[in-house]
Amino acid sequence: MANTTRAWHLKSRPSGMPAAENFELKEAPLPDLGEGMVRVRNSWLSVDPYMRSRMNDVKSYVPSFKVGEPMDGGAVGKVVESRSPHLREGETVFHMQGWREEAVGPAGQFNKVPPIAVEDHQWLGNLGLTGATAYFGLLRIAEAKEGDVVFVSAAAGAVGSAVVQIAKAKGMTVIGAAGGEEKVAWVRELGADHAIDYKAGPVVQALTRAAPDGIDVYFDNVGGDHLDAAFAAARQNARFAICGMIDSYNGGEPPAFRYIMRVIAARIMIKGFIYTHFLPQIGDFYRDMGQWVASGEVKSRETVRDGLEAMPEAFLDLFRGANIGKMLVKL
Ligand SMILES: NC(=O)c1ccc[n+]([C@@H]2O[C@H](COP(=O)([O-])OP(=O)(O)OC[C@H]3O[C@@H](n4cnc5c(N)ncnc54)[C@H](OP(=O)(O)O)[C@@H]3O)[C@@H](O)[C@H]2O)c1
């Protein structure tokens, strides 16, 4: 057994789009296992857009990465050594010590996977953070219901593809926007009634064509021109769940909102959210999503990169739109 392990560290803070030189892969001795602690060998690592804001030195809902320190994030692995009665060797866990080969810590930092028969990587996708974000954002924040017309941006991504499928499972009409023909074709395959290629022309025009009578719900992953198009298309009492604004994560020109005044006349309800708010209700999500995934009603797709070395590029590729479905790194 090797007595060293590797982890990605934040080397410097980026301005604008990050680059390879902002990250550094370092090897360090494996820490000793104290009483009550476990050691986990990671098999799947998650890269997520929210990690971009953690590279900045700003106060937010998750702490910033520190320069010179290891980075972290979602991961799935197996317990390889345990000094805790709560976790046995060989058990599969998901946890937040990603960006590294091995995770060491008190057993309470690691969650046993619930008894749902899915492949391990799904605990980072449709049965993990991105699936739960889609579920609670659509059903609890936007209060979307059968018969609603739902517009979702970044619809071929991890959260967006789950939103499309949950909305269809609940009897809604769905319009998804994504970049490029391949993604648009997949969004249709997921059951969306209309799919917009936002790279082929202005979103606002495409949305007006797809929803001539307007939309009841907008699930925002992008911000910018997609959010503005949703303002333009909103019906009376439309509900907007603001999940993410990836359009602005790397800075650039602030977005201009031509149609924002429709918030007043259409009485739009706009609510931002962080999925962790719903952790006390996670059982509802496992019950419904577990069934949908098991029955094949919700499909999962991943873009997988191989090896720890691939982490920074996999992460940067989220901002280049290189992923279809959930972007993951397999160790
Ligand atoms: N509030 C929460 O609790 C929470 C939790 C998880 C995620 N989120 C947010 O949800 C959103 C989606 O996250 P995800 O993990 O599912 O990522 P993802 O959608 O799987 O990957 C990001 C996708 O965003 C699109 N994109 C990138 N830059 C863009 C731009 N400038 N304009 C338009 N589209 C762009 C790309 O797709 P195209 O090729 O289609 O452009 C890319 O594939 C993000 O905004 C994220 O921050 C929020």
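Indexing begins at 1, ligand by ligand and atom by atom, following the structure's order.
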> Are Asn250 and Arg52 close enough that a side-chain donor and a side-chain acceptor fall under 3.5 Å?
Replying inline: yes
> Between Tyr259 and Phe231, is the ring centre distance below 6.0 Å?
Replying inline: no
> Quick check, are the ring centers of His9 and Phe23 under 6.0 angstrom apart?
Replying inline: no
>> Nearest non-hydrogen contact with atom 47 (O) of ligand 1 belongs to which option: Tyr61, Phe219, Tyr249, Phe278?
In response: Tyr249
>> Need the ligand 1 atom indices (1-based, order shown) with element for anything under 4.0 Å from a heavy-atom of Ala158.
In response: 16 (O), 18 (P), 19 (O), 20 (O)
>> For the backbone of Lys26 and the side chain of Arg6, can you confirm whether one donor and one acceptor N or O come within less than 3.5 Å of each other?
In response: no
>> Restricting to non-hydrogen atoms, name the atom on Arg258 and the atom on Asp228 that form the minimum distance, rounded to 0.1 Å.
In response: N-OD2, 2.9 Å
> Among protein heavy atoms, which lies nearest atom 4 (C) of ligand 1, and at what distance?
Replying inline: Thr133 CG2, 3.6 Å
> At a 4.0 Å threshold, what atoms of ligand 1 neighbour a non-hydrogen atom of Phe273?
Replying inline: 1 (N), 2 (C)
>> I need the minimum non-hydrogen distance between Ala322 and Thr303, along with the two atoms involved.
In response: O-CG2, 4.2 Å
> Distance only, no hydrogens: is a donor on one side chain within 3.5 Å (strictly under) of an acceptor on the other, for Ser64 and Asp57?
Replying inline: no
>> Taking distance alone, with N or O pairs closer than 3.5 Å, would you say Gly179 contacts ligand 1?
In response: yes
>> Using a 4.0 Å cut-off to any heavy atom of Gly244, which atoms of ligand 1 qualify?
In response: 9 (C), 45 (O)
> With respect to atom 3 (O) of ligand 1, which of Tyr198, Phe136, Tyr275 exhibits the smallest heavy-atom separation?
Replying inline: Tyr275
>> Testing the 3.5 Å rule here: is there a donor-acceptor pair between the side chains of Asp288 and Tyr135?
In response: yes
> Counting from 1, what ligand 1 atoms have a heavy atom of Ala178 closer than 4.0 Å?
Replying inline: 40 (O)
> Which heavy atom of the protein is the closest neighbour of atom 7 (C) of ligand 1, given with residue, atom name and distance?
Replying inline: Val159 CG2, 3.9 Å
> By number and element, which atoms of ligand 1 are closer than 4.0 Å to a non-hydrogen atom of Asn323?
Replying inline: 18 (P), 20 (O), 21 (O), 42 (C), 43 (O)
> Considering residues, nucleotides and ligands other than Asn237, do more than 12 of their heavy atoms fall under 6.0 Å from its CG?
Replying inline: yes
> When you measure from atom 19 (O) of ligand 1 to every protein heavy atom, which one gives the shortest distance, and what is it?
Replying inline: Gly157 CA, 3.3 Å
> So is there a nitrogen or oxygen of Thr130 less than 3.5 Å from a nitrogen or oxygen in ligand 1?
Replying inline: no
> Does ligand 1 have an atom under 4.0 Å from some heavy atom of Cys243?
Replying inline: yes
>> Using a plain distance cutoff, I'd like to know if Pro49 has any nitrogen or oxygen under 3.5 Å from a nitrogen or oxygen of ligand 1.
In response: no
> Can Lys183 be said to touch ligand 1, with heavy atoms closer than 4.0 Å?
Replying inline: yes
>> Which residue and atom name correspond to the protein heavy atom nearest atom 36 (C) of ligand 1, and how close is it?
In response: Gly321 CA, 3.6 Å
> Any chance the rings of Trp44 and Phe94 have centres within less than 6.0 Å?
Replying inline: no
> Heavy-atom contact under 4.0 Å between Ser153 and ligand 1?
Replying inline: no
>> Give me the residue, atom name and distance of the protein heavy atom closest to atom 45 (O) of ligand 1.
In response: Asn221 O, 2.9 Å
> Does ligand 1 have any atom that is closer than 4.0 Å to a heavy atom of Met245?
Replying inline: yes
> How about Ser161 and Lys299: does a side-chain donor come under 3.5 Å of a side-chain acceptor?
Replying inline: no
> At a 4.0 Å threshold, what atoms of ligand 1 neighbour a non-hydrogen atom of Asp247?
Replying inline: 31 (N)
> Considering only heavy atoms of Leu129, which atoms of ligand 1 have at least one such atom less than 4.0 Å away?
Replying inline: 5 (C), 6 (C)
> Of the choices Ile242, Val187, Ile246, which has the non-hydrogen atom that lies closest to atom 25 (C) of ligand 1?
Replying inline: Ile246
>> Quick check on contacts: which atoms of ligand 1 are under 4.0 angstrom from a heavy atom of Val222?
In response: 32 (N), 33 (C), 34 (N)
>> Could you check whether atom CD of Glu27 has more than 12 heavy atoms from other residues, nucleotides or ligands sitting under 6.0 Å from it?
In response: yes
> Quick one: nearest non-hydrogen protein atom to atom 27 (C) of ligand 1, plus distance?
Replying inline: Leu318 O, 3.5 Å
>> I'd like to know if the side chain of Tyr218 pairs up with that of Ser153 as donor and acceptor (distance under 3.5 Å, no hydrogens or angles considered).
In response: yes
>> Can you confirm if the aromatic rings of Tyr50 and Tyr61 lie within a centre distance of less than 6.0 Å?
In response: no
